[in-house]
Peer 1: 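One structure follows; several queries about it will come next.
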Amino acid sequence: MQPAHDNTDGVEEQTPHYLRRVLRFDGALNVRDLGGVTTVAGKQVQFGLVYRSDDLADLSAVDLAEMEERSVRTIVDFRNPDEVEARPSRVPRGAEVVPAPFPPGERTAAEIMELLVGGELTPKNAHEILLDSYRHTTETGGPVFATLIRSIIEQSPVLFHCAGGKDRTGVAAAVILSLLGVGRDQIVADYMLTNDRLVEQSSTFQLRLAEYPEESRHVLLALGLAKPVYVESSLDIIDREFGGIDAYARDQLSLTPAEVDALRQHLLQP
């Protein structure tokens with residue numbers, strides 16, 4: 001693994017925040033620091049307090065050492081019990097794992113993969129499934145997001161993750177950044193970094209694709225790639241159906257104004 005701050009090749013030479021944000025792990029494709037994003041008011045999210053990731057099942061000893069060096073204390077796992085059993089996490093010494101699965105949706109991940117392998121999914125179906133998933137995550141995820149936010153306030157540095165680090169994790173990141181006062185354009189830009197990571201890790205990603213029947217791989221790409229419409233659909237739901245992020249935090253996450261203020265005080269540079 002090459003830590004983000006050591007990589008100076010390609011376009012990243014000209015983007016120092018990208019260098020600090022993106023972590024190169026041997027056993028995970030989509031790990032990054034939430035720090036470096038700037039709010040509408042011009043404050044920057046602090047580095048080294050909140051990380052987001054895909055699953056941690058394949059972390060190497062070097063990856064674990066990197067997490068220990070970054071003092072990751074708490075890992076909030078959004079996966080359901082079946083996902084955890086299939087791919088148990090490797091975690092650094094001393095870190096506490098906080099299970100925080102979302103309520104079940106209409107389709108489980110296993111059911112979707114069964115449809116995929118059976119050739120019953122098309123890219124259009126995948127798009128519709130993802131839109132439904134983002135709606136479900138946004139509408140039912142209040143208690144999960146509250147658990148994450150309270151963990152950040154009380155036990156950071158925190159890493160939160162799901163299976164691929166894009167969907168459930170992407171909505172959670174959008175909620176946190178919205179509460180901090182980050183504008184939609186930067187929230188979407190943060191979300192879209194998933195695609196950059198897959199391109200950079202293309203050989204590893206292609207190996208994972210190769211595990212599935214060839215006719216299913218284009219559907220897997222449709223499921224795996226980030227598109228602005230997905231995270232924007234969650235932001236639209238928060239605004240249109242829940243009255244904006246502050247009302248959403250109050251009514252769906254049951255966060256007090258003091259807790260929201262504590263999150264901002266903790267994560268934003270003075």
Side-chain angles (χ1 to χ4, degrees), residues 32-53 71-80 95-105 133-162 165-188 190-191 230-270:
R32 56 187 183 267
D33 193 322
L34 219 60
V37 181
T38 304
T39 70
V40 172
K43 291 191 173 185
Q44 183 174 293
V45 181
Q46 297 202 68
F47 284 97
L49 293 175
V50 184
Y51 302 93
R52 51 175 294 178
S53 179
S71 303
V72 173
R73 295 176 57 199
T74 308
I75 295 168
V76 180
D77 189 344
F78 295 151
R79 298 175 301 159
N80 64 48
E96 176 189 1
V97 177
V98 178
F102 286 85
S133 171
Y134 278 72
R135 169 172 287 278
H136 174 77
T137 298
T138 308
E139 291 180 340
T140 68
V144 174
F145 301 141
T147 295
L148 171 61
I149 288 167
R150 290 181 176 127
S151 294
I152 291 169
I153 295 168
E154 298 167 6
Q155 304 177 84
S156 57
V158 169
L159 181 146
F160 64 96
H161 75 96
C162 55
K166 173 174 73 80
D167 302 321
R168 290 164 286 187
T169 295
V171 177
V175 168
I176 293 170
L177 294 175
S178 293
L179 282 170
L180 295 177
V182 175
R184 180 179 285 223
D185 58 340
Q186 289 216 48
I187 293 172
V188 173
D190 171 75
Y191 172 78
Y230 298 137
V231 73
E232 287 183 335
S233 72
S234 289
L235 296 172
D236 287 341
I237 289 168
I238 289 171
D239 287 341
R240 184 177 60 247
E241 299 184 14
F242 296 108
I245 190 62
D246 290 329
Y248 182 73
R250 181 189 66 234
D251 300 334
Q252 302 302 311
L253 280 63
S254 298
L255 294 177
T256 66
E259 287 176 312
V260 174
D261 185 60
L263 179 75
R264 292 168 180 161
Q265 292 284 338
H266 187 54
L267 293 187
L268 295 177
Q269 290 184 343

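Please read all numbers here as calculations on a predicted model, not as lab measurements.
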Peer 1: Heavy atoms only: give me the nearest D239-I245 pair and the separation to one decimal.
Peer 2: OD1-N, 4.4 Å

Peer 1: Looking at side-chain heavy atoms only, is the closest gap between R264 and V260 below 4.5 Å?
Peer 2: yes

Peer 1: Quick one: closest heavy-atom pair of G36 and F47, and the distance?
Peer 2: CA-CZ, 3.5 Å

Peer 1: Are I176 and I152 close enough that some pair of their side-chain heavy atoms sits under 4.5 Å apart?
Peer 2: yes

Peer 1: What verdict does the side chain to side chain contact (heavy atoms under 4.5 Å, CB included) test give for I149 and E259, after you've listed the backbone C-alpha separation in whole Å, the side-chain angles of each residue and the deciding distance to 0.1 Å?
Peer 2: CA-CA 9 Å; I149 288 167; E259 287 176 312; 5.9 Å; no

Peer 1: Measure the shortest side-chain to side-chain distance between H266 and Q46 over non-hydrogen atoms and say whether it is less than 4.5 angstrom.
Peer 2: no

Peer 1: About how many Å separate OH of Y134 and NZ of K166, when rounded to the nearest 0.5 Å?
Peer 2: 4.0 Å

Peer 1: For the pair D77 and R168, find out whether any cationic side-chain nitrogen is under 4.0 Å from an anionic carboxylate oxygen.
Peer 2: no

Peer 1: Could you tell me which residues satisfy side chain to side chain donor-acceptor pair (under 3.5 Å) with Q186, sequence neighbours excluded, listed by chain and number?
Peer 2: none

Peer 1: Find the distance between CG (L253) and CG (L179) and round it off to the nearest 0.5 Å.
Peer 2: 7.0 Å

Peer 1: Could you give the distance from CG (D261) to OG1 (T256), rounded to the nearest 0.5 Å?
Peer 2: 9.0 Å

Peer 1: Look up atom CD in E139 and atom CZ in F242, then write down how far apart they are to the nearest 0.5 Å.
Peer 2: 5.5 Å

Peer 1: Tell me the closest heavy-atom pair linking G48 and D33, and the distance in Å.
Peer 2: N-OD2, 2.8 Å

Peer 1: Does any part of the side chain of V37, heavy atoms only, come nearer than 4.5 Å to the side chain of L180, both counted from C-beta?
Peer 2: no

Peer 1: What I want to find out is whether E154 reaches R150 closely enough, with some N-O distance under 4.0 Å, to be called a salt bridge.
Peer 2: no

Peer 1: Could you grab the distance from atom CD of Q252 to atom CD of E241, nearest 0.5 Å is fine?
Peer 2: 10.0 Å

Peer 1: For a quick test of reading the model, state the closest non-hydrogen atom pair linking A100 to V144 and the distance between them.
Peer 2: O-CG1, 3.4 Å

Peer 1: Taking P101's backbone N and O only, do any of them form a donor-acceptor pair with N80's side chain (distance below 3.5 Å, no angle check)?
Peer 2: no

Peer 1: Does L235 reach the side chain of S178, with side-chain heavy atoms less than 4.5 Å apart?
Peer 2: yes

Peer 1: Would you indicate whether the side-chain heavy atoms of L255 and Y248 approach each other to under 4.5 Å?
Peer 2: no

Peer 1: So, do R73 and E96 sit near enough that their side-chain heavy atoms are less than 4.5 Å apart?
Peer 2: no

Peer 1: Hey, what's the ring geometry for F102 with F78, parallel, tilted or perpendicular (30° and 60° as the breaks)?
Peer 2: perpendicular

Peer 1: Any heavy-atom pair between the side chains of F145 and T137 that's under 4.5 Å?
Peer 2: yes

Peer 1: Checking side-chain contact (heavy atoms from CB on, under 4.5 Å) between Y191 and each of V231, L177, T169, which is the one that passes?
Peer 2: V231

Peer 1: If the test is side-chain contact (heavy atoms from CB on, under 4.5 Å), which one of L34, D190, T39 qualifies with V182?
Peer 2: T39

Peer 1: Hey, could you give me the CD1/OG1 distance between I238 and T138, rounded to the nearest 0.5 Å?
Peer 2: 5.5 Å

Peer 1: I'd like to know if the side chain of H136 reaches the main chain of P103, judged simply by a donor and an acceptor atom lying under 3.5 Å from each other, with no hydrogens or angles considered.
Peer 2: yes

